[in-house]
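As the structure is a computational prediction, the values presented were derived from the model and not from experiment. Quick note: residue numbers are just sequence positions, from 1.
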Amino acid sequence: MKQSYYKKGKYCIFTYGCQMNEHDSEEIAWMLENIGYEHTDNIEDSNLIIYNTCLIRENAELKVYGKLGELKKLKRKRPDIILCLCGCMMQREEIRNIILKKYKQVDIIFGVNNIQKLPQLIDTHLQTGKTIVDIEEESRQIEESIDAKRKYSYKAFINIMYGCNNFCTYCVVPYTRGREKSREPEDIICEAEKLSKEGCKEITLLGQNVNSYGKTLNRDYNFSMLLRNLNNIDGIERIRFMTSHPKDLSDDLILTMAQCDKVCEHLHLPVQSGSNKILKAMNRNYTKEKYLSLVSKIKERIPNIALTTDIIVGFPGETEEDFEETIDLAKKCKYDSAFTFIYSVREGTKAAEMKNQVPDEIKHKRFQTLLDELYPIFNENNLKYNNKTVEVLVEEISKNNPKMLTGRTRTNKLVHFKGNKDLIGKLINVKIDTTKTFTMEGHILDNSIAGGDIFE
Ligand code: 5AD
Ligand code: SF4
């Protein structure tokens, strides 16, 4: 690496979208620090600004254009700032063209499949002064030499695969992140072992569809095997994963989850809709009946599991009856939590071409009805935690109440409690006193570590 060309200074990075993007940003940060940049949260103070963008819904896209508008002024004042755009939006040629034409303050555009090239792109920009555009259409080359600058020392994301082969008709991901590709298990295990040596207690395995992990490897190895191997690593206490596609959730995986003590009792299983007609139009490859039978199998095997999901309302052709079937399914599944979305037309996807788009007004009305139905279900699930003792991984000082700490249960519930900030990163027992729809409050059980305010 020719370090001499890099103008060392400060960088700041803004991330939109999913955990994949968050983790990409952690890798970008690592690369930048490796070539001498220092992190700052203050945009005015930066020499390099990066926007890691998302394309999944229109509102994610609009936010970025808004920010770019605001940055025009800063760039006029400080033309030496290097402004970079990356992430899923940049995979779209039409979007890149708009940016090159309307937002000339942008210096470097790169995509999701070639983030490892960033140092080289900065170098070229500094040498030539030109706007650099570098995009790779193929899914990401597996590059084991990049590490990540992780936000927390005690919990970490690990990519186990890149890309997606499912082509749900509403979704842009297969067009931005390319075809599915699994990392070698040895590399994943090695990363987890290294993290554990550094004090990490919880890992979250990331992939668009972790249940099909291993299909692109030239050997007989699957996601269950990976979980079993990771479960043996000393020091790692909790294993989570996202996202599971219902069509590929095997009995073997359910058994593995039940048998591996470190695999947390939480499953995120996106259903998207409760209507078979809509599921078919979405190309989800399962029926409402198949999904419900999966859920009962999981709950039977792992009785204390927390089940969460993704639901889209207003997919093209969704009638009032279809929507009611979604509500009916949500009630049957008794979800612990859900990410709910209003269908957003994404250019280039099959659903965008469908003629029977649902009017905005109806979509919004259904969205509100869905929330009104879901919240009491979440609340009821949480009520069961009252007076129970739960293991909590202490994460940080509460953002809303600086006198409290927050952490998560194995079931991924957010818990607030009083305690010393030295507990951050530790696993402790908390007794739950009160619960709400999205959070709960409790007190530390062990007298030797309990009590007191947060000491700065
Ligand atoms: N409109 C609304 N929601 C979407 N999702 C994906 N694409 C769209 C879209 N076009 C949701 C799905 C997916 C989650 C990550 O985002 O529910 O599971
Ligand atoms: Fe993540 Fe999809 Fe958004 Fe890309 S488009 S950042 S894969 S949610």
Is the shortest heavy-atom distance from the side chain of D310 to the side chain of H268 under 4.5 Å?
yes
What's the separation between atom NZ in K151 and atom OG1 in T15, rounded to the nearest 0.5 Å?
9.0 Å
Run the salt bridge (charged side-chain N to carboxylate O under 4.0 Å, His left out) check on E58 and R346 step by step: do they pass?
CA-CA 7 Å; E58 195 187 12; R346 300 286 69 203; 5.4 Å; no
Can you measure from CD1 (I13) to CD (E22) and round to the nearest 0.5 angstrom?
11.0 Å
Atom CG in D261, atom CD1 in I239: separation rounded to 0.5 Å?
8.0 Å
Here the pair of heavy atoms bringing G317 nearest to V358 is N-CG2, 4.1 Å
Grab the two heavy atoms, one from P270 and one from T243, that are nearest each other, plus how far apart they are.
CG-CG2, 3.4 Å
Distance only, no hydrogens: is a donor on one side chain within 3.5 Å (strictly under) of an acceptor on the other, for N211 and K247?
no
Any Y291 side-chain heavy atom under 4.5 Å of T309 side chain:
yes
Looking at D248 and S212, would you say the former's side chain and the latter's main chain have a donor-acceptor pair under 3.5 Å?
no
For E347, does the CD atom have more than 12 heavy-atom neighbours from other residues, nucleotides or ligands under 6.0 Å away?
no
Angle between ring planes, H23 versus F157, binned at 30° and 60°: parallel, tilted or perpendicular?
perpendicular
Short side-chain to backbone donor-acceptor contact, T53 and C86, under 3.5 Å
yes
Minimal heavy-atom distance between L217 and P185, with the atoms involved, is CD1-CD, 3.7 Å
Does any non-hydrogen side-chain atom of V415 lie less than 4.5 Å from one of T406?
no
In Å, rounded to the nearest 0.5 Å, how long is the span from CG of L226 to CD1 of I188?
5.0 Å
Nearest 0.5 angstrom please: Y213 OH to Q208 CD, how far?
16.0 Å
Under 3.5 Å: donor-acceptor pair, side chain of T439, backbone of T435
no
Any donor and acceptor pair, going by atom type alone, linking the side chain of R301 with main-chain N or O of D251 inside 3.5 Å?
no
With the side chain counted from C-beta on, respond yes when C164 and E180 share a heavy-atom pair under 4.5 Å apart, and no when they do not.
no
Spell out, as yes or no, whether a donor-acceptor pair under 3.5 Å connects the side chain of N52 to the backbone of N21.
yes
Kindly say whether L269 contributes a backbone atom to a donor-acceptor pair with the side chain of S244 at under 3.5 angstrom?
no
Trace of the ring pair (Phe, Tyr, Trp, His ring centres under 6.0 Å) decision for Y175 with F167:
CA-CA 9 Å; Y175 305 95; F167 289 96; 5.5 Å; yes
Can you tell me if F339 has over 12 outside heavy atoms packed within less than 6.0 Å of its CZ?
no
Check ion pair E184-R219 (N to O, under 4.0 angstrom)
yes
Between E441 and K436 (salt bridge meaning N to carboxylate O under 4.0 Å), is one present in this structure?
no
Would you call K155 and E202 a salt bridge, taking side-chain N to carboxylate O under 4.0 Å as the test?
no
On a heavy-atom basis, the closest approach of D234 and S196 is O-OG, 2.9 Å
Stepwise salt bridge (charged side-chain N to carboxylate O under 4.0 Å, His left out) check, R410 with E265:
CA-CA 6 Å; R410 284 174 61 96; E265 295 77 21; 2.8 Å; yes
Are any of the side-chain heavy atoms of V394 and Y154 separated by less than 4.5 Å?
no
Which pair of heavy atoms, one from K215 and one from S182, lies closest together, and at what distance?
N-OG, 4.2 Å
Flag if over 12 foreign heavy atoms under 6.0 Å of CD, E94:
yes
Do the charged groups of E191 and R183 touch, with an N to O distance under 4.0 Å?
yes
Is there a donor-acceptor pair closer than 3.5 Å between any side-chain N or O of N420 and the backbone N or O of D422?
yes
Salt bridge (charged side-chain N to carboxylate O under 4.0 Å, His left out) between K288 and D328, worked out
CA-CA 10 Å; K288 167 184 176 171; D328 176 58; 3.3 Å; yes
In terms of heavy-atom contacts, does CG of D372 have more than 12 from other residues, nucleotides or ligands at under 6.0 Å?
yes
So that I can tick it off, tell me whether D147 and K194 are bridged by a salt bridge, with the cut-off set at under 4.0 angstrom between side-chain N and carboxylate O.
yes
Salt-bridge criterion met for E237 and K262 (N-O under 4.0 Å):
no
Report the C-alpha distance between Y16 and E61 in whole Å, list the side-chain angles of each, state the deciding distance to 0.1 Å, and finish with yes or no for side-chain hydrogen bond (donor to acceptor under 3.5 Å, both in side chains).
CA-CA 9 Å; Y16 299 87; E61 204 180 322; over 6 Å; no
Rounded to the nearest 0.5 Å, what's the gap from CE on M404 to NZ on K399? Could you check?
15.0 Å
Does K290 make a cation-pi contact with Y286 (under 6.0 Å, within 45 degrees of the axis)?
no
Less than 4.5 Å apart, any side-chain heavy atom of K277 and any of D322?
yes
Assess whether side-chain hydrogen bond (donor to acceptor under 3.5 Å, both in side chains) is satisfied between Y385 and T409, documenting all intermediate values.
CA-CA 11 Å; Y385 282 74; T409 64; 4.9 Å; no
What about F241 and F223, are their ring centers closer than 6.0 Å?
yes
Counting only heavy atoms not in E300, do more than 12 fall under 6.0 Å of its CD?
no
Looking at N222 and M225, would you say the former's side chain and the latter's main chain have a donor-acceptor pair under 3.5 Å?
yes
Could you check whether any side-chain N or O of D107 sits under 3.5 Å from a backbone N or O of I132, counting only pairs where one atom can act as donor and the other as acceptor?
no
Test item: I189 and L230 side chains (from C-beta on) under 4.5 Å apart, heavy atoms:
yes
Scanning both residues in full, the closest heavy-atom pair of G314 with Y343 reads O-CB, 3.4 Å
Regarding K149 and E26, does a basic nitrogen lie under 4.0 Å from an acidic carboxylate oxygen?
no
Test item: N381 side-chain N/O and Y335 main-chain N/O as donor-acceptor pair under 3.5 Å
yes
Do you see a donor-acceptor pair shorter than 3.5 Å between the side chains of N166 and H245?
no
Tell me, yes or no, whether the heavy-atom count around E33 atom CD, taken from other residues, nucleotides or ligands under 6.0 Å, exceeds 12.
yes
Salt bridge check: are K332 and E325 linked by an N-O gap of less than 4.0 Å?
no
Are Q91 and R177 close enough that some pair of their side-chain heavy atoms sits under 4.5 Å apart?
no
Can you tell me if D252 and S224 form a side-chain donor-acceptor pair at under 3.5 Å?
yes
